[in-house]
Amino acid sequence: MAPNRQNVRHRYVQAQCLKRTTIVAASSNDPLGTVERVAELARNWGGRLVELGAVGHLNPASGHGPWPRAEELLRELEHSWSPGALPTD
């Protein structure tokens, strides 16, 4: 069976280690990715997994509105970056 575009993209993304501090949020009932798969991506990216429970897919179409926890996670990332360490590519 020939690889489909999505499988090729997932293999590529999975293999890439990110250059910056990473936080990966996961939902236990996201129809687009299991917690196990998202945890694997977080490990491969060198990131920290944050399990959010059964909150569905994390997007506005799933009914998510303002999300204070996201703001907390972003502040955590801001504190982990120094101005000279931001990506230039």
Side-chain angles (χ1 to χ4, degrees):
M1 178 168 108
N4 67 36
R5 185 175 177 167
Q6 185 176 11
N7 287 340
V8 170
R9 184 177 61 233
H10 281 233
R11 261 198 319 272
Y12 175 77
V13 169
Q14 177 179 346
Q16 302 301 311
C17 183
L18 302 177
K19 298 176 184 179
R20 302 289 167 233
T21 303
T22 308
I23 298 173
V24 183
S27 167
S28 62
N29 65 343
D30 188 334
L32 301 180
T34 65
V35 172
E36 293 79 14
R37 172 72 176 134
V38 176
E40 177 185 9
L41 290 170
R43 280 191 304 275
N44 290 341
W45 293 340
R48 179 171 70 84
L49 179 69
V50 176
E51 294 186 44
L52 302 172
V55 296
H57 187 62
L58 301 174
N59 68 353
S62 297
H64 292 281
W67 187 29
R69 180 64 201 261
E71 293 176 13
E72 292 173 22
L73 296 173
L74 285 171
R75 279 193 297 277
E76 184 179 327
L77 286 174
E78 286 177 336
H79 292 297
S80 71
W81 292 345
S82 63
L86 292 176
T88 58
D89 50 347

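Please read all numbers here as calculations on a predicted model, not as lab measurements. Only heavy atoms go into these numbers, but all of them, side chains included; no hydrogens, no water, no symmetry mates.
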*Is there a side-chain contact between Val24 and Val38, using heavy atoms and a 4.5 Å cut-off?*
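Yes. Closest side-chain heavy atoms under 4.5 Å.
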*Any side-chain heavy-atom pair from Leu49 and Glu51 closer than 4.5 angstrom?*
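Leu49 reaches Glu51 side chain to side chain.
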*asked:* Closer than 3.5 angstrom, by distance alone: can the side chain of His57 be matched with the main-chain N or O of Asn29 as a donor-acceptor pair?
replied: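 No: the side chain of His57 does not pair with the backbone of Asn29.
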*With no hydrogens and no angle check, is any side-chain donor or acceptor of Ser27 less than 3.5 Å from a backbone partner on Gly56?*
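Between the backbone of Gly56 and the side chain of Ser27 there is a qualifying donor-acceptor contact (under 3.5 Å).
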*Could you go step by step and tell me if Glu40 and Arg43 meet the salt bridge (charged side-chain N to carboxylate O under 4.0 Å, His left out) rule?*
CA-CA 5 Å; Glu40 177 185 9; Arg43 280 191 304 275; 5.5 Å; no
*State, to 0.1 Å, how close Asn59 and His64 come at their nearest heavy-atom pair, and which atoms those are.*
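Looking at all heavy atoms of both residues, the shortest contact is O-CD2, 3.4 Å.
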*Interatomic spacing from CG in Leu41 to OG1 in Thr22 - rounded to 0.5 Å*: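 Taking CG in Leu41 and OG1 in Thr22, the distance rounds to 11.5 Å.
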*Measure the spacing between OG1 of Thr21 and NE2 of His79 and express it to the nearest 0.5 Å.*
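Nearest 0.5 Å value for the OG1-NE2 distance: 12.5 Å.
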_Same cluster or not: Leu32 versus Leu58, using hydrophobic residues (I, L, V, M, F, W, Y) connected whenever any side-chain heavy atoms lie under 4.5 Å apart?_
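Leu32 and Leu58: separate clusters.
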*ILVMFWY cluster, Val55 and Ile23 together (side-chain gap under 4.5 Å)*: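 The answer is yes; both residues are in one hydrophobic cluster.
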*For Glu76, enumerate each residue passing the salt bridge (charged side-chain N to carboxylate O under 4.0 Å, His left out) test, keeping only those at least two apart in sequence or located in another chain.*
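Applying salt bridge (charged side-chain N to carboxylate O under 4.0 Å, His left out) to Glu76 gives Arg48.
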*asked:* Assess whether a salt bridge exists between Arg75 and Glu78, defined as any Lys/Arg side-chain N lying under 4.0 Å from an Asp/Glu carboxylate O.
replied: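 The answer is no: the pair does not qualify as a salt bridge.
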*Please list, chain by chain and in numerical order, all residues satisfying side-chain contact (heavy atoms from CB on, under 4.5 Å) with Ala70, sequence neighbours excluded.*
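Trp67.
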